[in-house]
Amino acid sequence: MAKNEANSIHLQDLKPFYGSFQAVAPVNTTFASRAITAMIGPSGCGKSTVIRCINRLHENIPGARVEGKVLLGEQNLYGREMEPQAVRRRIGMVFQQPNPLRMLSIEQNVAIGLKLEGRPKKELAERVEASLRRAALWDEVKDKLRESSLALSGGQQQRLCIARTIALEPEVILLDEPCAALDPISTLKIEDLLLELKQQYTVVIVTHNMQQAARISDRTLVFMVDTSVARPRGLMVEEGETLQIFTAPQDLRTQDYISGRVG
Amino acid sequence: MSLTKNRQIVFFCFLALLVFLAPACGSGPAPTDMTKKDQPTVEAETAEPKSAPKTTNSFKPRAVKAKLTASGASFPDPIYQKWIESYKGVAPDVAINYQPVGSGQGRKNFFGGSTDFGGTDKYASDEELETFGKDVFHIPTVLGAVVVTYNLPDLEKIQFSGETLANIFLGKITKWNASAIAKENPGVELPDEAITVVHRSDGSGTTSIFTNYLSSVSKDWQTKVGTGDSVEWPVGIGGEKNPGVAQAIKQTEGAIGYVELIYATANKLPTPAIKNAAGEYVEPNLASTSAAAEGFLKTMPADLRVNIINPPEGEKVYPIAGFTWILVTKEQTDKTKATALTDFLYWSLTEGTKDAEALGYAPLPETVREKALEKLTQIEVAGKPAFKLPK
Amino acid sequence: MTQEVQIQANIFSSLITRFSNYQNEAVGALSNKIQALHFDFYYGKFQALNDLSLAIKERSITALIGPSGCGKSTFLRAINRMHDQNPTARAAGRIFLDGQDIYGPFTDPLLLRRRVGMVFQRPNPFTLSIFDNVAYGLRVAGWKDKKRIAERVEEVLHQAALWNEVKDRLNHSGLGLSGGQQQRLCIARTIAPKPEVILMDEPASALDPISTLKIEETMFELRQEFTIIIVTHSMQQAARVSDETAFLLMNAETRAGELIEAGPTDQIFTNPQDKRTEDYISGRFG
Amino acid sequence: MSQKEENSSFYEVWQRRTQHGDLLFGWLTLFFGLVVITLVFAIGYVVWSGSAEARDRFGFGFLFQTGWNPVKHNFGAMPAIYGTLVSSLIAVTLAGPLGILIAVFLSELCPLHLRNPLSFLIELLAAIPSVIYGMWGVFVFIPFFKSGIAKPLASTVGQWLPLFAGPVAAGRGVMVAGIILAIMILPTIAAIAREILAVVPNHQREALLAVGATRWEMIWYGVLPYSRAGIVGGIMLGLGRALGETMAALMVIGSAKSTIENSLFAPGITAAALIASELPNANDSLHESTLILIALVLFGITLILNILARLLVWQVSRGPVGTIRA
Amino acid sequence: MITQASNYKQRKIVDQFMRGLMVGATILALIPLFLILGYVIFRGASSLSLAFFTEAYKAPQMSLTGDVQSAGGVLHGIVGSILIVGASLLFALPIGILAGVFLAEYPANSVATTVRFATDVLSAAPSIVVGVVAYILIVQRTKQFSGLAGSVALAVLMIPVITRTTEEILKLVPHTVREAAIALGTPKWKTTFTVVLPAATSGIVTGALLAFARATGETAPLLLTVLGNNNLGYSLLEPLAALPLLTYKYTEMPFPELNDLAWGTALVLTGLVLSVNLLARWATRSRLK
């Protein structure tokens, strides 16, 4: 269980900024390991911003910065000696748009992270196969590993991106609306995959689809747009067990959102 | 919002500019229109003979309004511009535009019909005249010298014979302390340095005069390179126009090149003495240049086309010099222009001469000037003389 | 050779059958404002819509719902021939507007579009003033009288619930408005020349909840006068605003969009006939 | 209304369609499009017909001959072609990598507040007129080049590599021209590469960052491969500009028109410079025609370069295998 | 636990090195810019005066000692440049913009591909070649050097710039705006002229300004076409002076004072071209709003 603890993520007074604009009210929460935590809310509520703070991708946007702490186990990811790329290496991310590297083949796409680390060729091939199998993509692509990743369908591309992420054996997997651009069948496949991945990883998923959150997550965080301040910003209004959020929400805004009265 | 508006303003300013330009394009009076309007004046004025001797101020150009376009040699440009400027005081309605584009282009433009007269340091070849078909007068205006200049910081004074110069420009002599140079410069300490030849890269009357000279002193040069506005240089680098040559010489130790006298004096470049046919080393200056022309007076042809390169006699003669000519057609088509042109040339050759020396040009010998003035009287418009010498 | 002839003959006979079907169906169908009959749509070789037949009632709001890629936008844009701009796009089958075939040889797309207006997903005001944005369609439709134009502009801005917010700055650029205001401006622009049908392509998807509500209120208002077809990805929105709902789904094999079910909104959301509709509405995918 | 529609004849429909003005609009814009094509053909035709005399006289071998003697009518285009190509290649070799590095810096690394001012400054280099480059080259750069670059190079590398052999003499030559051309085309390449990089979707960068890549790895594996085609195109455009540059090259290249020297420090000539310096005063028709023939060759080179660039870009842009799926 | 991969140090060094290289490249590119601008300002500033802008050419009153009393100004060059470049804009704008409209509105046909290719060829065509053509077609035919011939040559150089900017900028106008107009039943031409072009105004102005800047600095084609004029001229049918031509010619003069004038002209020319570029930038920037 000690390992579990080490893989959980704690946000402490996390305040993402775009320039001088604070995009989200301070967030305090914990993402438990070996569980799927879902973040839901209408567009513009800051859930994507928060998830991008966890692997320090947020600061990649010009002018963006972060205040507060993100802890992985005991380690502050925004600590002074912490290198962003080392953080990202350990905390994998899957994006809304499937983003295979266009100029690389399927095989290279999966192997890229390991290749950067200078792992031997043999290990690469093994890991590629293992990751593709886990991502339930191996059977579909094993005959065309050297072809362009663009030859795959949208759903396959997204699973390829997941394979790329798990090939590095990260400790945490972040998913930013991974099914938004996919058809229902691909969505189901990916959801199945996530349920399997949570056996091992800390999984955080942002989704605009409440049903999806309800289906797969253990815990749910609800974000809303706080219009009470001069410049509307995101606000985490409620967090809790998924069942509780969807059946007995405590916050009025959550109730409205879940019943479809807003958004 | 306000930015949108501003952008529109910019756009409309642009349109406005264009609209403004459109009439401006056509507003300049076309020369042909002027001709018709002014013709009566011309008739009246021409009829009235002026009895002015050539030295007095009383020469009054006939009142015409004309625009003359000309181009040609850059060497006489300063004096031509001075004349044009001063002539405005006498005939304010005559606007003359002389562009110093070089002798080659001057002839090309003139024979191509795009200019009213041309300027050249190299007289038109028989072939050119034949192709042109019409009679052309060469009217000499001033004399100029081409000087050799070099860059050797420690060398105050040096002199060359024609043979040596030719061998340097042929690439046969490559060191400054070569025996040929040393022999001509006893007592001068010559550096052990490579010679870099600098020449004009564009076609130029200066090149023509200089290669003419080298041909006259060196058989080798004559057969291998020959003479012309632009030639195939055996060695060296090209500089664009006079300043290109001067700049390249200034920047390169051991360089040697040639420029026009006025360019050397204005830029304080060294001008070594050159050995003339009489065996004397003569420095280039106004007197030695004028003397060169006098050496040729006896052999001056009727059409005034003559090179005064390396005169066979005279001790004070600088050997690399030449006339610069203005080219005009004998048969003029436009009476206004012919009137303005002949008056201007007459004025320049008489009253203008006093400016020449101040600007560093050697004036024409008297006999040559008289021949030039005579040519002016032979210019015709529709069969009638366009100009009569004032009595 | 003979085989080819045989194929040709088959195609021909199937066309004939199809055409006679039109005749039968058309008789009953032409009473609707818009009637699609066996409508297919292609982008190049790719078939985007397959055999879609749907009736749209006059002065009602019809919602087209379905997951992305199901062809609902393609169908919507087919109704006023927006696809004409795309040289690879091609329609087969028919859509009738008041009994007139939209894709018939005598239909002028420009006149068609004046009768069938459209509001887009993203607000797209012109780089003109607010007033000129609304008046643009009127001028295109040939309105000359300045006073009448001004009156009509005010009228439709009232209708779009925008008048109070913009009455003092009609000369300002339409781009200076907020997203929600821009979208209402676009609605005003669309309804100004009095079209008969208004097509709305996810009109609120780029807007915040409050603007969305305002737009929905406007739609209720407009229903009195216009026939409205709205494409939306939000089932809640479809349930809130529409009278009729049609559910489209992409066929997993051919990837062409097909109509699964259509009917009164209440019925579709409470008692869907098709299993797939039920799955979609309950959020099991999409 | 619908009834009226049904009854209108085909002719009326046709008439109404033409009245919309779309047909006229189409033809009008097409006409102006064709004007552009015509201009290209006009240029080609004029230089073709203007060079007839020289082509008849010298034939195809003209391209491979050396010698430039206007007095004896002995002309060869080889030195000009050589000088043009070599100086342009030097320019591209220097400015290509430099321009790409600058573009990458500006679009990927540069702090936001410096990005616009810096790129503006770089673009200013393109705005400086060619004549001024030439003047600056003559008065400032050549003296520095001669003592600071050429002489040290000639006395070391030049000892065994004839390309850099001395004597450096005046400093004017193909190398200087190449360097000045490089400065001139640098902004072109940088600006185009920057535009191309801006098109690279952000998700390609994030994909690499998310697997723990450093900035440079992100650029090397994600950004540059993606924009290969465009960057190649930009370099081609830069090359085109270098080939046609006239005044600056003329003022610094040293105008050795008749021979080809081994050393890059030796003077040479470019086609454009040759035309500019001799055409205005080419008096006999053969000389003039020969210069127009050089113009034809120059035009031909740019034409071929453009075709090559297009083919290359077209080929590269297809990427590895498979086609882009929407 | 966040730990570094084994080869991390090496990767970090490569990363730092390449970053350094990029910064170095940028600085390296700026050095000649400042050197050139600095030199032009240093040499040119002293010759700027009121007379420089208000007087035309004056023949130097010079003696052998090298004293020049007056060198006049470059008003004739300023006027000539404005006339020539203005006229060339007049030719190039309609052709360039409408050809750009053609490319943007009918992008996918073989004629458009050809036009696009022709534009590329034109923009790569060496200016001297264009000058040669204008010389043969206009100067030799009319037997007259003229501003007009220069304008035509410059217009040919401008057209591709304007065409491509127009095309690019029209493509940037969101498709949705076009659709909005089309959905109202607007004919294509009307959509283009009332909606698309106004939305792209700033971009087109930028293109025109850039073309203007490019043409203003061109020397080579003018050498062959406008000849030059020492008098203040206003007619495009006659030889005209132009700033780049004056820069080039004044450097040739044997008098240092005229050489100074050349640097002054160079400064004015550079300043003009740079400020036009700034203006173009400003116009584009406001589009982002």
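All chains are named by letter (A, B, ...) in the order of the sequence lines, taking the proteins before the strands, and each is independently numbered beginning at 1. All of these numbers come straight from a predicted model, not from anything done at the bench. Worth knowing before you read on, the calculation uses all heavy atoms, side chains too, and leaves out hydrogens, waters and symmetry mates.
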| message | Looking only at heavy atoms and a cut-off of under 4.5 Å, which of D:Asn283, D:Val71, D:Ile269, D:Ile253 has the most pairs with chain B? | response | D:Asn283

| chain D heavy atoms under 4.5 Å from B:Ala255: which part of the residue, side chain, backbone, both or neither? | neither

| task | Check each atom of D:Leu274 against the heavy atoms of chain B and say whether the ones under 4.5 Å are side chain, backbone, both or neither. | result | neither

| message | Do D:Arg55 and D:Trp48 form a cation-pi contact, if we require the NZ or CZ to be under 6.0 Å from the six-membered ring centre and within 45 degrees of the ring's axis? | response | yes

| Can you tell which of D:Gly134, D:Pro267, D:Ser255, D:Ala276 has the highest number of heavy-atom pairs within less than 4.5 Å of chain B? | D:Ser255

| Where on B:Ser230 is there a heavy atom nearer than 4.5 Å to chain D: the side chain, the backbone, both, or neither? | both

| Tell me, side chain or backbone of B:Glu128 under 4.5 Å from chain D's heavy atoms, or both, or neither? | side chain

| Verdict with reasoning, D:Thr259 to D:Thr66, per side chain to side chain contact (heavy atoms under 4.5 Å, CB included) | CA-CA 6 Å; D:Thr259 50; D:Thr66 58; 5.7 Å; no

| said: Whether the D:Glu245 and D:Ser130 side chains hold a donor-acceptor pair (N or O, under 3.5 Å, no angle test) is what I'd like checked. | reply: yes

| If you count heavy-atom pairs under 4.5 Å with chain D, which of B:Lys241, B:His199, B:Arg200, B:Gln247 comes out on top? | B:Gln247

| query | Which one, D:Gly254, D:Ala266, D:Gly67, D:Ala256, leads in non-hydrogen pairs under 4.5 Å with chain B? | reply | D:Gly254

| Counting only heavy atoms not in D:Phe120, do more than 12 fall under 6.0 Å of its CZ? | yes

| For the side chain of B:Arg107 and the backbone of B:Gly118, is there at least one donor-acceptor N/O pair under 3.5 Å apart? | no

| note | If you tally heavy-atom pairs under 4.5 Å between each of B:Glu253, B:Glu127, B:Glu240, B:Lys250 and chain D, the highest tally belongs to B:Glu240

| request: Could you have a look at D:Pro280, D:Gly268, D:Gly173 and say which one has the most heavy-atom pairs with chain B under 4.5 angstrom? | output: D:Pro280

| task | Please state whether the rings of B:Phe169 and B:Trp221 are parallel, tilted or perpendicular, taking 30° and 60° as the class boundaries. | result | perpendicular

| remark: Whatever's closer than 4.5 Å to a heavy atom in chain D on B:Val225 counts as backbone

| note | Residue from D:Glu278, D:Lys146, D:Arg172 scoring the most non-hydrogen pairs under 4.5 Å with chain B is D:Arg172

| From OG1 (D:Thr302) to CZ (D:Arg241), nearest 0.5 Å | 14.5 Å

| Atom group of B:Thr227 that falls short of 4.5 Å from chain D, counting heavy atoms | backbone

| query | Under 3.5 Å, side chain of B:Lys108 to main-chain N/O of D:Ala282, donor-acceptor pair present? | reply | yes

| Between OG1 of B:Thr271 and OH of B:Tyr150, what distance do you get to the nearest 0.5 Å? | 8.5 Å

